[in-house]
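What's counted below: heavy atoms across the whole structure, side chains too, no hydrogens, waters or symmetry copies. Model, not experiment: these values are computed from the prediction.
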Amino acid sequence: MGMYWKKDIYSWNWYEPTTERHALLIEAFSEINNDLESVNLLKTWLIMNKRTNDWKTTKATAEACYALLLQGNDWTTPTSYKITVGNHVIDSNDPQLVKEAGTGYVKKVWSKEEITPDMATVRINKTGESPSWGAIYWQYFEELDKITSAESPLTIRKQLYLVTETKDGEKLISINEKQIKIGDRIRVRLDVITDRDMNYIHIKDLRASGLEPLDVISRYQYKGGVGYYMNTRDSGTHFFIDNLRKGTYTLDYDLFVSHEGDFSNGIALIECMYAPEFSAHSEGVRLVIER
């Protein structure tokens, strides 16, 4: 992920712009110390940070592009790669391969008739000094209850607890250990883990039809070290986060049990809207409610 200064990389002061300062440090390491290894590490962090964060101003974009293009190794030189998906090969040297001008972006789609189990194995071979990245998606239909969790550098886990009042205060009991009935209070806990800073995160948490939300007014909140806008809809609850720093966060909200029956509780989905390849979802479970 490159090199940066953890203590000083973030600032709310107008005279300490993050992107411009990091670009200036790249120039300093290049001109003063001629430290090529550190320069490339600094450039790596800057461009990897751009994957999930926007450069806030045109000035920041200009400074970053200047540092990336004129310092360290030349990353504009095309790289060679070979991607093997099962028995399919994508070779950058193939003259029939259509690439996007400037970025070299390539997209390949297989229909359901072409997909075989051996395509779950992907091998990538690359030469060259410039960084490269990509994503592979395997899309399919499945019943909500049978969905297993999927993780990326972004992870979300969903748990349900029965809230009980005791003389010592609230006590949370996992619903897997106790039956729930109409009138019970349920707390939904979402654990979000990210290995890098991200902008513009959307979380959609589906809700069983036998549950009713306690907080129905959409509003901005700050809990657990993260600020978000919470929006309650008919089928689920949505969270919109402008800035999510690297780390682990817990979001929770309460529901009331309103109907008996056997329900699908749905899944929680999370996606970086700025970089949709960073997404994940929790596993699906069923919810049995007694009268």
Search all heavy atoms of Met119 against all heavy atoms of Trp110 and return the closest pair with its distance. CE-CD2, 3.6 Å
Between atom CZ of Arg21 and atom OG1 of Thr18, what is the distance when rounded to the nearest 0.5 Å? 6.0 Å
Before you tell me yes or no, could you show the steps for Ile270 and Val192 under side chain to side chain contact (heavy atoms under 4.5 Å, CB included), namely the whole-Å CA-CA distance, both residues' side-chain angles and the distance that decides it to 0.1 Å? CA-CA 9 Å; Ile270 186 170; Val192 177; 3.6 Å; yes
Not counting sequence neighbours, which residues clear side-chain hydrogen bond (donor to acceptor under 3.5 Å, both in side chains) with Asn53? List them please. Asn199
Run the salt bridge (Lys or Arg N to Asp or Glu O under 4.0 Å) test against Asp54 and tell me which residues pass, sequence neighbours left out. Lys56
Give the cluster check for Val85 versus Trp138: same hydrophobic cluster or not, with ILVMFWY residues linked at side-chain heavy-atom distances below 4.5 Å. yes
Side chain to side chain contact (heavy atoms under 4.5 Å, CB included) for Ile47 and Asn49? Distances and angles first, verdict last. CA-CA 5 Å; Ile47 200 167; Asn49 177 264; over 6 Å; no
Shared-cluster residues of Tyr105, by chain and number - hydrophobic side chains joined below 4.5 Å: none
Using side-chain hydrogen bond (donor to acceptor under 3.5 Å, both in side chains) as the criterion, list what pairs up with Asp262, not counting sequence neighbours. Arg286
Distance (rounded to the nearest 0.5 Å) between Asn40 CG and Asn73 CG: 4.0 Å
Apart from Leu144 itself, its cluster of hydrophobic side chains linked below 4.5 Å comprises Ile147, Leu206, Ile267, Leu269
Lys/Arg-Asp/Glu bridge criterion (N-O < 4.0 Å) met for Arg187, Asp254: yes
With sequence neighbours excluded, what pairs up with Asp191 under the side-chain hydrogen bond (donor to acceptor under 3.5 Å, both in side chains) test? Thr250
Please walk me through it: do Met3 and Trp45 pass side chain to side chain contact (heavy atoms under 4.5 Å, CB included)? CA-CA 6 Å; Met3 182 173 70; Trp45 182 89; 5.7 Å; no
Could you tell me if Glu142 and Tyr140 have a donor-acceptor pair between their side chains, going purely by distance under 3.5 Å? no
For Glu290, all residues meeting salt bridge (Lys or Arg N to Asp or Glu O under 4.0 Å), sequence neighbours excluded: none
Which distance, rounded to the nearest 0.5 Å, do you find between the CD1 of Ile32 and the CG of Leu25? 9.5 Å
Exercise answer: donor-acceptor pairs, residues 223-234 side-chain atoms, under 3.5 Å, sequence neighbours excluded:
unit_1	atom_1	unit_2	atom_2	d
Asn231	ND2	Ser218	OG	2.5
Thr232	OG1	Asp215	O	3.0

Could I get the full list of side-chain contact (heavy atoms from CB on, under 4.5 Å) partners for Phe278, not counting sequence neighbours? Arg51, Thr52, Pro153, Arg196, Met198, Cys272, Ala275
Out of curiosity, Tyr66 OH to Ile26 CD1, how far, rounded to the nearest 0.5 Å? 12.0 Å
Going hydrophobic residue to hydrophobic residue with side-chain gaps under 4.5 angstrom, can you get from Leu211 over to Phe239? yes
Supply the members, apart from Leu36, of the Ile/Leu/Val/Met/Phe/Trp/Tyr cluster built from side-chain contacts under 4.5 Å; use none for a lone residue. none
Under the rule for salt bridge (Lys or Arg N to Asp or Glu O under 4.0 Å), what residues qualify as partners of Lys158, not counting sequence neighbours? Asp205
For the atom pair CD (Glu212) and NE2 (His259), what is the distance rounded to the nearest 0.5 Å? 7.0 Å
Holding to ring-ring contact (aromatic ring centres under 6.0 Å, His included), I want the full list of residues that pass it with Phe240, two or more places apart in sequence or in another chain. His202
